[in-house]
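Structure, as structure tokens:
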Amino acid sequence: MPADSGRRDGGGHEGTAASAQGEDSADAAGSPRSADGRSAAGDATAGARLSVLREALAGIGTTLDEATTCAELTRIAVRMVGGTAAVMRRTGQAISGYEAITGDADLLPDARWATAVTREAAVPALGDQPEPWVEYAAATRTRIALCAPLTSGDDRYGVLVWARSGQQPLGRAKAELLSLLAERAASHIRQARAYESVNRTAGDLQRALLSEPGRPHPNLDIAIRYLPAGGGVLVGGDWCETVRLHFGRTLLVVGDVMGHGLEAAVDMNAYRSSLRYIASADLPPHRVLRQMDDIASKEAELRPATCLLARVDPGRRQVTLASAGHLPPALITADGAATLLPVPVGPPLGTGLGGYEMATHPLTEGQTLVLFTDGLVERRGEDIDRSLERLSAVRFSVGGGLEDVLDTILSRLDARHAEDDVAALAARSHHRPGGLADAAAP
């Protein structure tokens, strides 16, 4: 065996012995070591620190609201490092003042200085000492401050400003921690702004699609409400419409395209345009639905939709109903009681099955007719009959206006927390003597 082999072997034994001695010593001290020499106590400490860091990061960006994210950032920065923290946001070339301040605002540096740092969109990199990030002297006492940019990729959203009194510099680990928190917040701000941009675009599109319903005859008053699910933007397939017919009659319509989002809104507009064109021929409600279904079934990309038509005739004091898979309307009597009007239900529009029928009911002056989409009454895990019973159980103030009626319904059924979009239309006729002849033309 070569001589150097023996030396290496001997060295190896000595190393092994030393390692064993170290393990014995560690065991004797109650702190065993792992194979790579780390102590169990050290591993536990590192694990605890990672757990705290993971919890801190999880507390930033819990919503898609930018202001909330900034407030979460400054609270966690102060909790982890101490001092005072605030955010200056950047939108385009505009920079806000201090926001979401946590701690003593008097410790923060002059906002003009922080604004200058924000406009530079960067701060000096950490060298051997962390102080170069910033150290400044106030008139009465020395303070230190640090600016951690809110950057995500190439996008810059502002700066996290941290400060405390005293001359002791901020350690590298804490400076890097603040930088890490700022990066996490910037990532969530980026998502929040993207979400806001999409919602704004979608809302603009929906408002363009959801043009105001046509004007009913003067002998009919109406009120309409639309609530997007979860308090979101006006995007969905729910819609309301009114069409003036001959002889003082008005066609009331409420529909619901299956699904959500922009696609449902676009399909909603297609159904609405079809309805206006067909209804202008003054056909009976069930024939209007038949033609709408025939047209929709030939459009392969068009989503199915439910629809309820109510032709109100104040001159004859009656309403004629036809339904394509839609829930029945509610009738509120003059004494404030509510009941559901029976209506034959055909298949949804777009199936090509047809088979629609109509039913006529009395509608006297002072009574209120309410058409609505299923989001008003349906609740997860609840039978639809039970959902409709809750609506029938609502009592209304005598002599209240149509807006009061809708306020009562939306409040009692907690529609603002509905899981689906809600569209509701309330109508009340007031027959005028001689009005039938006067309203012969639409």
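Numbers here simply count residues along the sequence, with the first being 1.
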[X] side chain to [Y] main-chain N or O, any donor-acceptor pair under 3.5 Å?
{"X": "R156", "Y": "G153", "value": "no"}
{"X": "S411", "Y": "T408", "value": "no"}
{"X": "S280", "Y": "Y277", "value": "yes"}
{"X": "S274", "Y": "A270", "value": "no"}
{"X": "H326", "Y": "L309", "value": "no"}
{"X": "W162", "Y": "G82", "value": "yes"}
{"X": "H217", "Y": "D313", "value": "no"}
{"X": "H188", "Y": "D65", "value": "no"}
{"X": "T91", "Y": "A94", "value": "no"}
{"X": "D104", "Y": "T84", "value": "no"}

Kindly give the heavy-atom pair with the smallest separation between [X] and [Y], and that separation in Å.
{"X": "L331", "Y": "P362", "answer": "CD2-O, 4.4 Å"}
{"X": "V257", "Y": "A305", "answer": "CA-CB, 3.8 Å"}
{"X": "T69", "Y": "G61", "answer": "OG1-CA, 3.8 Å"}
{"X": "G375", "Y": "D420", "answer": "CA-CB, 3.9 Å"}
{"X": "L402", "Y": "A426", "answer": "CD1-O, 3.8 Å"}
{"X": "R225", "Y": "L410", "answer": "NH1-CD1, 3.5 Å"}

Could you tell me if the side chain of [Y] sits less than 4.5 Å from the side chain of [X], heavy atoms only?
{"X": "T102", "Y": "R79", "answer": "no"}
{"X": "I278", "Y": "I295", "answer": "yes"}
{"X": "L371", "Y": "C240", "answer": "no"}
{"X": "L181", "Y": "L177", "answer": "yes"}
{"X": "V288", "Y": "V253", "answer": "no"}
{"X": "L349", "Y": "Y356", "answer": "yes"}
{"X": "L321", "Y": "P285", "answer": "no"}
{"X": "P328", "Y": "V343", "answer": "yes"}

TODO: Dump the intermediate steps for side chain to side chain contact (heavy atoms under 4.5 Å, CB included) on T242 and L220, then the final yes or no.
DONE: CA-CA 11 Å; T242 66; L220 189 69; over 6 Å; no
Rounded to the nearest 0.5 Å, how far does [atom2] of [Y] lie from [atom1] of [X]?
{"X": "R303", "Y": "D256", "atom1": "CZ", "atom2": "CG", "value": "11.5 Å"}
{"X": "R190", "Y": "T151", "atom1": "CZ", "atom2": "OG1", "value": "10.5 Å"}
{"X": "T63", "Y": "Q191", "atom1": "OG1", "atom2": "CD", "value": "11.0 Å"}
{"X": "L425", "Y": "T373", "atom1": "CG", "atom2": "OG1", "value": "11.0 Å"}
{"X": "I60", "Y": "R75", "atom1": "CD1", "atom2": "CZ", "value": "10.0 Å"}
{"X": "L289", "Y": "E357", "atom1": "CG", "atom2": "CD", "value": "11.5 Å"}

Derivation of the side chain to side chain donor-acceptor pair (under 3.5 Å) call for S387 and E382: CA-CA 7 Å; S387 302; E382 182 180 70; 2.6 Å; yes
Open item on the list: Please determine whether side chain to side chain contact (heavy atoms under 4.5 Å, CB included) holds for the pair I101 and T74, giving the CA-CA distance in whole Å, both sets of side-chain angles, and the decisive distance to 0.1 Å.
Closed with: CA-CA 7 Å; I101 300 174; T74 59; over 6 Å; no
Would D221 and H430 satisfy side chain to side chain donor-acceptor pair (under 3.5 Å), going step by step from the backbone distance to the final call?
-> CA-CA 8 Å; D221 296 327; H430 44 84; 3.2 Å; yes
Legend entry - Lys/Arg-Asp/Glu bridge criterion (N-O < 4.0 Å) met for R290, D294: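 D294 and R290: not salt-bridged.
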Report task. Look at E196 together with R193 and state whether they make a salt bridge at an N to O cut-off of under 4.0 Å. Result ->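 Looking at E196 and R193, the cut-off is not met.
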Q: Would you sort out whether L391 and F372 count as a side chain to side chain contact (heavy atoms under 4.5 Å, CB included), showing the intermediate values?
A: CA-CA 11 Å; L391 173 58; F372 53 91; 3.5 Å; yes
Verify the distance criterion only: is there a donor paired with an acceptor across the side chains of R317 and T364 at less than 3.5 Å?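 There is no such pair (donor and acceptor under 3.5 Å, judged by atom type) between the side chains of R317 and T364.
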| request: Start with the C-alpha distance between S323 and L308, add both sets of side-chain angles, then the distance that settles side chain to side chain contact (heavy atoms under 4.5 Å, CB included), and finish with yes or no. | output: CA-CA 5 Å; S323 172; L308 176 66; 3.9 Å; yes
